[in-house]
Student: 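I'd like to ask you about the structure that follows.
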Amino acid sequence: NAGAIKIDASDTIYLEGETPDEFVSTIFSGVLETGKGNSGGIDIATTNLFLGGGAQISSSTFGEGNAGDLAVTVSETIELVGANRVFPSGLFADAIGGNGKSGNLIIFTEQLIVRDEAVITVGNFDQVFEGTIELLPSGMGAAGNLEINASSVEVINRGKIIADNANGIGGNLSLNA
């Protein structure tokens, strides 16, 4: 099993950019393709959170084990912006390939902004991102639930909030704004 990730930042968490090999800035807890154990999940608490240029926070499974939950508590603003050439910036709790179940994604914030192709997603579905031909196969395990609690939610310029499934049991989307 993978360990849990817990980050408690008193001001801002800022992730942006990629290496020349297209590895994006990321916080990741997951089960890889040959993995059988479970992911430990991620718990983020901060004042502001910014993800741009394909940066991601992801608790996902690509294998037999289950993904852990992703909990994001931000007292002011979450801003998810844009993509790199391959993947969008965003928050992910997905089952991609394998039989593992995706975790739940729970967000608490004052203001949520998802824009310029950035995404928030929970599910077990085939994923093809704009500008790429790369297909990530759907998982067979159940999709988790997506819960968003915010005073203000803006999804603009091809930003997306997705709770979807191709196989197994789909998750629920709950938006409390």
Side-chain angles (χ1 to χ4, degrees), residues 1-9 13 15 17-19 21-46 49 51 53-74 78 80 83-84 86-109 112 114 118-129 132-149 160-175:
N1 291 338
I5 297 172
K6 181 172 176 57
I7 299 174
D8 190 353
I13 296 174
L15 281 78
E18 63 184 72
T19 68
D21 296 334
E22 295 183 344
F23 289 102
V24 296
S25 299
T26 189
I27 298 170
F28 176 75
S29 176
V31 179
L32 300 180
E33 290 178 17
T34 58
K36 299 201 183 295
N38 297 321
S39 158
I42 302 172
D43 187 358
I44 302 279
T46 190
L49 173 64
L51 302 178
Q56 301 179 357
I57 299 177
S58 175
S59 180
S60 299
T61 181
F62 296 81
E64 299 303 310
N66 298 327
D69 291 340
L70 172 55
V72 181
T73 303
V74 176
I78 296 173
L80 311 175
N84 71 357
V86 181
F87 297 110
S89 301
L91 302 171
F92 299 83
D94 291 328
I96 303 168
N99 292 318
K101 298 175 185 175
S102 75
N104 297 308
L105 173 49
I106 304 162
I107 299 169
F108 291 93
T109 191
L112 175 62
V114 184
V119 300
I120 296 173
T121 178
V122 59
N124 64 356
F125 50 94
D126 296 334
Q127 297 184 35
V128 178
F129 298 109
T132 74
I133 58 170
E134 186 169 345
L135 174 67
L136 300 176
S138 62
M140 299 301 290
N145 296 313
L146 173 56
E147 178 182 337
I148 298 173
N149 301 282
K160 297 178 182 85
I161 297 175
I162 303 168
D164 200 358
N165 73 309
N167 297 300
I169 300 168
N172 296 310
L173 170 60
S174 173
L175 176 59

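When reading the values below, keep in mind they use all heavy atoms of this one structure, side chains included, and skip hydrogens, waters and symmetry mates. Bear in mind the structure is a predicted one, so any value in this text is a computation, not a measurement.
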Student: Indicate the atoms forming the closest heavy-atom contact of Gly40 with Ala4, along with that distance.
Tutor: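 Between these two residues, the closest heavy atoms are O-CB, 3.4 Å.
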Student: I need the Ile106 CD1 to Asp69 CG distance, nearest 0.5 Å.
Tutor: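 It is 5.5 Å, given to the nearest 0.5 Å.
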Student: Just to verify, what does Glu147 make a side-chain hydrogen bond (donor to acceptor under 3.5 Å, both in side chains) with, not counting sequence neighbours?
Tutor: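 Testing Glu147 for side-chain hydrogen bond (donor to acceptor under 3.5 Å, both in side chains), a comparison that skips the adjacent residues, returns Asn149.
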Student: So how far is it from Leu15 CG to Ile27 CD1, rounded to the nearest 0.5 Å?
Tutor: 5.0 Å
Student: So, Ser102 side chain and Val122 main chain: donor-acceptor pair closer than 3.5 Å or not?
Tutor: no
Student: side-chain contact (heavy atoms from CB on, under 4.5 Å) for Leu91 and Leu51? Distances and angles first, verdict last.
Tutor: CA-CA 9 Å; Leu91 302 171; Leu51 302 178; 3.9 Å; yes
Student: Given Phe92, which partner from the list Leu70, Val119, Ile57 fulfils the side-chain contact (heavy atoms from CB on, under 4.5 Å) test?
Tutor: Val119
Student: Once rounded to the nearest 0.5 Å, what's the spacing between atom CD1 of Ile44 and atom OG1 of Thr73?
Tutor: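 Ile44 CD1 to Thr73 OG1: 9.5 Å, rounded to 0.5 Å.
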Student: Under a 3.5 Å distance rule, please check whether Thr26 uses its side chain to pair with a backbone N or O of Gln56 as donor and acceptor.
Tutor: yes
Student: Under the side chain to side chain contact (heavy atoms under 4.5 Å, CB included) rule, collect the residues that match up with Leu173, sequence neighbours excluded.
Tutor: Leu146, Ile161, Ala163
Student: Is it the case that the side chain of Asn104 and the backbone of Asn145 share a donor-acceptor pair, with hydrogens and angles ignored and the cut-off at 3.5 Å?
Tutor: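 It does hold such a pair.
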Student: Counting distance only, does the side-chain N/O of Asn1 pair as donor-acceptor with the main-chain N or O of Asn38 below 3.5 Å?
Tutor: yes
Student: How would you list, by chain and number, every residue that makes a salt bridge (Lys or Arg N to Asp or Glu O under 4.0 Å) with Asp43, sequence neighbours excluded?
Tutor: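 Expected list: Lys6.
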Student: Hey, could you give me the CG/OG distance between Asn66 and Ser60, rounded to the nearest 0.5 Å?
Tutor: 12.0 Å
Student: Could you report the tightest heavy-atom contact between Ser59 and Gly68, atom names first, then the distance?
Tutor: OG-O, 2.6 Å
Student: What residues, two or more places apart in sequence or in another chain, satisfy side chain to side chain contact (heavy atoms under 4.5 Å, CB included) together with Thr109?
Tutor: Val74, Ile78, Ile107, Leu112, Ala150
Student: Once side chain to side chain contact (heavy atoms under 4.5 Å, CB included) is applied, do any residues pair with Glu64, and if so which ones, sequence neighbours excluded?
Tutor: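 By the side chain to side chain contact (heavy atoms under 4.5 Å, CB included) rule, Glu64 matches Lys36, Asn99.
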Student: Does any non-hydrogen side-chain atom of Asp94 lie less than 4.5 Å from one of Thr121?
Tutor: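 Touching, per the 4.5 Å side-chain cut-off.
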Student: Taking side-chain hydrogen bond (donor to acceptor under 3.5 Å, both in side chains) as the definition, give me every residue that meets it alongside Ser29, ordered by chain and number, with sequence neighbours left out.
Tutor: Ser39
Student: List the steps and the verdict of side-chain contact (heavy atoms from CB on, under 4.5 Å) for Ile5 and Phe28.
Tutor: CA-CA 8 Å; Ile5 297 172; Phe28 176 75; 6.0 Å; no
Student: What pair of heavy atoms forms the shortest contact from Ala2 to Gly30, and how long is it?
Tutor: CB-O, 4.3 Å
Student: Rounded to the nearest 0.5 Å, how far does CZ of Phe23 lie from CG of Asn84?
Tutor: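 With rounding to 0.5 Å, CG (Asn84) is 11.5 Å from CZ (Phe23).
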